[in-house]
Amino acid sequence: MTDQIPAGEPPLGSLSCPEPEDRPDLWPTTARRTDDGELVLGGLTVSEILAEAPSPVFVLDEADLRGRAASWAAAMHEEFWPSYGMAGGEAFYAGKAFLTTKVAQWVLEEGMGIDTASRGELAVSLAALQEVSGEEATTDATRLGLHGNGKTQAEIAVALTHHVGHLVLDSLEEVELAVRAVRELRASGVYGPEETGKVMVRLTTGVHAGGHEYISTGHEDQKFGLSVHGGAARQTIDAIIAAPELELHGLHSHIGSQILDLAGFREAVGIVLTLRHEVAVDTGHLCPEVDLGGGYGIAYTGADPVPPSPAQVARTLAEAVRETCERLGDEVPTVSIEPGRAVAGPTTVTLYTVTGLKRVELGEGASRLYVSIDGGMSDNIRPALYEAAYTALVANRRPDPQAGLVRSRVVGKHCESGDVVVRDVDLPADLAVGDVLAVPATGAYGRSMASNYNLFTRPGVRWVCEGESGWVLRPETIEDLVRLEG
Ligand code: LLP
């Protein structure tokens, strides 16, 4: 067997997946190896987990998710604590990363609100809020938000009916729809005769940050938000202030996703607070809240830097807000953020079983091992969609160091050559069919973006905690695939 790697690629061993003890930020907090070398998550070995759950499966460390949610909530509360001259801070979990009723309950219990991007996410969050805080909380759902471009009047009306804390309008047309919705709610008696709808405005600041173009949202030539520099934001803000049915609660900015350098957030703070100041000077209305969106990056492979902690993020934002408000002579606003990936991403590992091995000769003695697994682009579309990099560890045994390594590509079983889960990883040369691979950091935008392509059933999500486990989401069955057929 040759172990020559293809020309131009980094040396063998440099692309190995870090063990949990070497890069804890990449793995759920409870990840470790047993003395026998098996990976343990939430107190259960991989074989114990797979005895209850069919492979492939997303394994979600409940304690880790709760801990991350609590850290984000605490960081915002502490850094924006009113007695430090601040006006309060909140963290909303961006449910698009991964949302079920249970996950929504966990994050609410740990002190986060929830930012939703659709009627479905809002409905699930309302159900969780009812479980956690009682029925009455759903008529005053200040801990929830609703986003989205091209919202319909019906969607806006649902948010207004439940008094969500952050209803973020995305166009001038949506202002008109919100006005109409409030009039109808007043007419039907859901709202009092003078009651107003509390709304925010989504801005595009021109700050360009983040990973792939598809997940970068602060620049102006795109579908989200209203341009600060082009004047659309101001026009929309003025329309809201002029409407007796509405109350302009705040300004919102989301500059992009998978951002590891905080400079872009500081820049956005300056732009958003300057607009808030200008609006106050011209109209007398100083928005009480500013929402700085999500986008805080995580590590996916050993090549990624350790991301900033929630406390570092909150401190950076608090400093920028304090300095800018001092310079402008404005009262500080309440500040909220919407991390999704940084809450859910590292909490979850996908376990796959190796189903096939193929050595592909690349000429001049070089070769690559193609490792087929029992999942693929239907449970993780991110490599195909964003060229996202992942890594993989042999999880059912500790690899024998004597066996050596082989440059590998982990591929799914779909009918597409772009069906790659891990593009480059050095795996043990004695890898065998039946071995279990663990791919870390799949908790955000993994199961939530899964599909039934090639009529694959979508994997389940298994929670693990202190040696116990259960389903967050059951795995689909073939019956589920045909259930909706007409
Ligand atoms: N708030 C707003 C308004 C957003 O649009 C997003 C993400 C977030 C918060 C949460 O961003 P996070 O903290 O998770 O980065 N499917 C892509 C990510 C799309 C994100 C869209 N908006 C991916 O897999 O990378």
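Atoms within each ligand, like the ligands themselves, are counted from 1 in listed order. All of these numbers come straight from a predicted model, not from anything done at the bench. Computed from heavy atoms alone, side chains included, the values below leave out hydrogens, waters and symmetry copies.
Residue Tyr445 has at least one N or O atom closer than 3.5 Å to an N or O atom of ligand 1. Considering backbone and side-chain N/O of His147, none are found under 3.5 Å from N/O of ligand 1. In terms of polar-atom proximity, Gly295 is counted as a contact of ligand 1, with an N or O under 3.5 Å from an N or O of the ligand.
Considering only residues two or more places apart in sequence or on other chains, Asp282 meets the salt bridge (Lys or Arg N to Asp or Glu O under 4.0 Å) condition with Arg234.
A side-chain N or O of Ser55 and one of Asp374 form a donor-acceptor pair less than 3.5 Å apart.
Per-residue contacts place Glu338 under 4.0 angstrom from the following atoms of ligand 1 (heavy atoms of the residue considered): 1 (N), 2 (C), 3 (C), 8 (C), 9 (C), 10 (C), 13 (O). When each atom of ligand 1 is checked for a heavy atom of Gly340 under 4.0 Å away, the hits are 12 (P), 13 (O), 14 (O).
Contact annotation: Pro339 has at least one heavy atom less than 4.0 Å from an atom of ligand 1.
Sorted by first and then second residue, the ring-ring contact (aromatic ring centres under 6.0 Å, His included) pairs involving residues 286-313 (not counting sequence neighbours) are Trp72-Tyr296, Phe265-Tyr296, Tyr300-Tyr390.
Of the candidates Val349, Leu60, Val59, Thr30, Val464 forms a side chain to side chain contact (heavy atoms under 4.5 Å, CB included) with just one, namely Val59.
For His147 and Phe92, the gap between ring centers reaches or exceeds 6.0 Å.
At a heavy-atom distance under 4.0 Å, atoms from both the backbone and the side chain of Arg341 approach ligand 1.
Within the 4.5 Å cutoff, side-chain heavy atoms of Leu328 are placed close to those of Leu273.
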